[in-house]
2 protein chains.
Amino acid sequence: MMASERVESAIEDRRAIVNDAIAEQLPIRKPERLYSASRYLLDAGGKRLRPTVLLLVAESVSETGSPADDYRAFPTPHGESVDILSAAVSIEVIQSFTLIHDDIMDDDDLRRGVPSVHREYDLETAILAGDTLYSKAFEYMLGTGAPSDRSVAALDELATTCTEICEGQSLDVEFETRTDVTTEEYLEMVEFKTAVLYAAAASIPAILLGCEQETVDELHGYGLDIGRAFQIQDDLLDLTVPSDTLGKRRGSDLIEGKRTVITLHARDQGIDTDSLVPDDPSDAEIEAAVERLEAAGSIDFARELASDLIESGKQRLEVLPDNESSELLEGIADFLVERGY
Amino acid sequence: MMASERVESAIEDRRAIVNDAIAEQLPIRKPERLYSASRYLLDAGGKRLRPTVLLLVAESVSETGSPADDYRAFPTPHGESVDILSAAVSIEVIQSFTLIHDDIMDDDDLRRGVPSVHREYDLETAILAGDTLYSKAFEYMLGTGAPSDRSVAALDELATTCTEICEGQSLDVEFETRTDVTTEEYLEMVEFKTAVLYAAAASIPAILLGCEQETVDELHGYGLDIGRAFQIQDDLLDLTVPSDTLGKRRGSDLIEGKRTVITLHARDQGIDTDSLVPDDPSDAEIEAAVERLEAAGSIDFARELASDLIESGKQRLEVLPDNESSELLEGIADFLVERGY
């Protein structure tokens, strides 16, 4: 396994490249309030994991070295040149659009340590900023200069992904009022709401660079696997990390009665998960609830599920050439379930 | 000029075709609440003017006769076959997405005589329904089967159009708090908020069918011209049509203090347009305000502006072959400013 410092440093390098590209492609122009709101959450932070996955897949396929010299004029295995950075920006912009609209839907006040867009601006501006990022993402994906048959295939993947994200979010809302959600249904919801964007990030560079369908499909599967593991790890962190590291109250999913693979597993062991914590619980009551989940084997169940998904995702990377970029993609898979925040 | 009955009958024929296509391409499937909300406003009515313009341009260019036999396997001048109806559905679906989100932003209760989507369902579902229609529109535009270079060009037009609609809506919100908006700025806002979707509807069929750039550009201009005229006519109808025909209170723009070319013209004649009507005005007070606008020449100014735009739009149709479909496109231009509701 690759040393985690090298993986984190690779993420950091590409984060800086993606941030510069966002500033270049999404300048704050007229109408200024609209574009300033559209940039607000992008400027507030984020690890840029999805665009990093996209750039690493491109590097690996084209064997450019890691990082590549110029992502704007990126060599394909067929001798053309493609602006792969524009595709990376597209994926990050889609992620930002979904966060802005999700925060409105959940009426969340905070995101990345700053007020959510509808709090910092207003509801109208937040809806419009999300809608603007949505079409901009399609503009950026159209702006790679790839041969048009590959552009069409990449746009098809992007459009389908966006539809699935909406379906996943809708299922998430529906599940809040249902007591009979199965683990299988929950994982399907996670696939749509979260994992498909990792799948798009991993497969679209292969599409744009003209890889074989098998490569595209395996990379898509890698994205689905690590995306699902990412969500399960998020659910685990909520229970196992102290509030000050987490940036929100430890156990907030339990307090809000959110369903996760952990609570669904516990429910199937006969635990009444809706009364695991009382209203307005103390830290000791949260700790006691987590200990019950541990005793029921629910935390180990989630850890193993995440770990299996990561192994499955890494196996799929065998379609890639053996180089530093594909090693980093394995490292990112591990990073997703080893990160402590 | 073409008899208006023939124009209205042509609109009605294509409306039925587009409605069937929407039912076929956007079935209410799982998650059911999401898709039912996505269909709700589409099913509540609408003249389908934009997709009708799209189909008529396609008919005229390909000289298929009017209406064509099969819009799903539509002959291009280059011998291929294209699903032009899927592009028509795409444009109508974009229109529906913008209405759903606009109603949230304006907190409007009614649309097409039924509750707005966020009233009939809820805020979350309405935001998500709009977002779903957004990506579906791109899926439908990708589903025409046109050669990929033309698909890319059509998607480019669609994405740019969506960005401009957001910019136009943002300007509209900004103008509500400004007293120094010029007629030029107002018309630019109308171009972005309303006219660009007519321009997309008129130019995209020419792109997909492989017409010359000059034809595409002239059709784009036709759409901009008639779209601007359409908005000015809407502003005129608000002042000149009785409430029961209009479906909302006559003079509601005056009551809400909305800026239009009519009030901007009056302001430039020295009329204090913010106090044209008192709070909670009687019908007689509305009538008196309209008479003042008439006396200032503001109503005639708007009528002439709309009429000039229609003439300009019709002139641009000279790039099309002389056939029944292009005559109907002229007729639709006239219809937009002659309609009484």
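In what follows, chains carry the letters A, B, and so on, assigned in the order in which the sequence lines appear, proteins first and then strands, with residues in each chain numbered from 1.
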Using a cut-off of under 4.5 Å on heavy-atom pairs, state which of A:Pro147, A:Pro31, A:Ser151, A:Gly130 scores highest against chain B. A:Pro31

Side chain proximity check, B:Leu123 to A:Ile104, heavy atoms < 4.5 angstrom: yes

Under a 4.5 Å heavy-atom cutoff, which of B:Glu174, B:Met105, B:Arg33, B:Lys136 has the most pairs with chain A? B:Met105

Chain A: which of B:Asp106, B:Leu158, B:Thr132 shares the most heavy-atom pairs with it under 4.5 Å? B:Thr132

Student check: side-chain heavy atoms of B:Arg29 and A:Glu167 closer than 4.5 Å: yes

Parallel, tilted or perpendicular: rings of B:His101 and A:His101 (30°, 60°): perpendicular

State the CD-CG distance between B:Glu124 and A:Asp102, to the nearest 0.5 angstrom. 10.5 Å

Count the heavy-atom pairs under 4.5 Å between each of B:Val152, B:Leu133, B:Leu128, B:Asp149 and chain A, then report the option with the highest count. B:Leu128

Considering only heavy atoms and a distance below 4.5 Å, find which of A:Ala159, A:Ala137, A:Ala129 pairs most often with chain B. A:Ala159

Under a 4.5 Å heavy-atom cut-off, does chain B meet the side chain of A:Leu142, its backbone, both or neither? side chain

Contact between A:Asp131 and B:Tyr134 at the side-chain level, heavy atoms closer than 4.5 Å - yes or no? yes

